[in-house]
Amino acid sequence: MTSVAQPASLSAEPAVIHVTVSDPRVRPLLRELGDEYSTRYGRDAHAELARYPDEEFTAPHGGVLLLLLEHGEPVAGGAFRRYDETTAELKRIWTHSAHRRRGLARRVVAELEREASARGYRRIYLTTGPRQPEARGLYLTTGYTPLFDTEADPETIGPLPFEKHLPTAPPQGEAASL
């Protein structure tokens, strides 16, 4: 019996890599996010991207920046930074404009949640802008609790805050007995 291999683009999941902000593969993420924010909010949003020092998205400072790569090229990414001792704050969730509507943002969020939990965080906090309905929808459909009145006009709220409590790991040995 002969088996036919699937083309890589159909069978392979994008690879997840951890990077620093200075990695050249992060440039598309920063460029597209800046352009998108500027288009939606009518001002230079690149300053928002520079609001937090790059080191806040590194492991020694309690953060992470990850990219999903397909054929070596970034197709999606995101980061978190330490918000407080038990809370990670999601930032810079991005899907390349040529790769949207594929569930990549959901994968990024799931990878960030997994990483945050592995690092001992018990809660995730984030805000998204009032003119980003697709981001609002992403967080609502992935189990985040809105910390705002969902019936109110988002433009009257400002940044829309969300939270999600991460599951705690079972004590050592308990998983084996389940």
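Please read all numbers here as calculations on a predicted model, not as lab measurements.
- In this structure, R119 contributes its side chain and G63 its backbone to a donor-acceptor pair below 3.5 Å.
- By the 4.5 Å heavy-atom criterion applied to side chains, Y144 and L140 are not counted as neighbours.
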side-chain hydrogen bond (donor to acceptor under 3.5 Å, both in side chains) assessment of T87 paired with D84: CA-CA 5 Å; T87 306; D84 63 34; 2.9 Å; yes
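- Proximity of the aromatic rings of F148 and F162 is defined here by a centroid distance below 6.0 angstrom, and this criterion is met.
- Using a 4.5 Å heavy-atom cutoff, the side chains of H61 and Y52 are not in contact.
- R131 and E155 are joined by a salt bridge, as a carboxylate oxygen and a charged side-chain nitrogen come within less than 4.0 angstrom of each other.
- Checking T20 against D23 by side-chain atom types alone, no donor-acceptor pair falls below 3.5 Å.
- Panel note: side chain R100, backbone T95; a donor-acceptor pair is recorded below 3.5 Å.
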Report the C-alpha distance between E56 and R51 in whole Å, list the side-chain angles of each, state the deciding distance to 0.1 Å, and finish with yes or no for salt bridge (charged side-chain N to carboxylate O under 4.0 Å, His left out). CA-CA 11 Å; E56 288 193 23; R51 184 173 173 199; over 6 Å; no
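- With respect to E163 and R123, a salt bridge is recorded, a charged nitrogen being found less than 4.0 Å from a carboxylate O.
- Between E32 and R27 no salt bridge is recorded (no basic side-chain N to carboxylate O distance below 4.0 Å).
- By the side-chain hydrogen bond (donor to acceptor under 3.5 Å, both in side chains) test, E55 is found to be paired with no residue, residues two or more places apart in sequence or in another chain being considered.
- Listed for the R136 side chain is no donor-acceptor partner under 3.5 Å among the backbone atoms of L160.
- With salt bridges taken as basic N to acidic carboxylate O contacts below 4.0 Å, one links E13 and R107.
- For the residue pair Y41 and E36, no side-chain donor N or O sits within less than 3.5 Å of a side-chain acceptor on the partner.
- Using a 4.5 Å heavy-atom cutoff, the side chains of Y37 and Q132 are in contact.
- For an aromatic pair to be called close, the ring centres must be under 6.0 Å apart, and Y121 with Y83 fails this.
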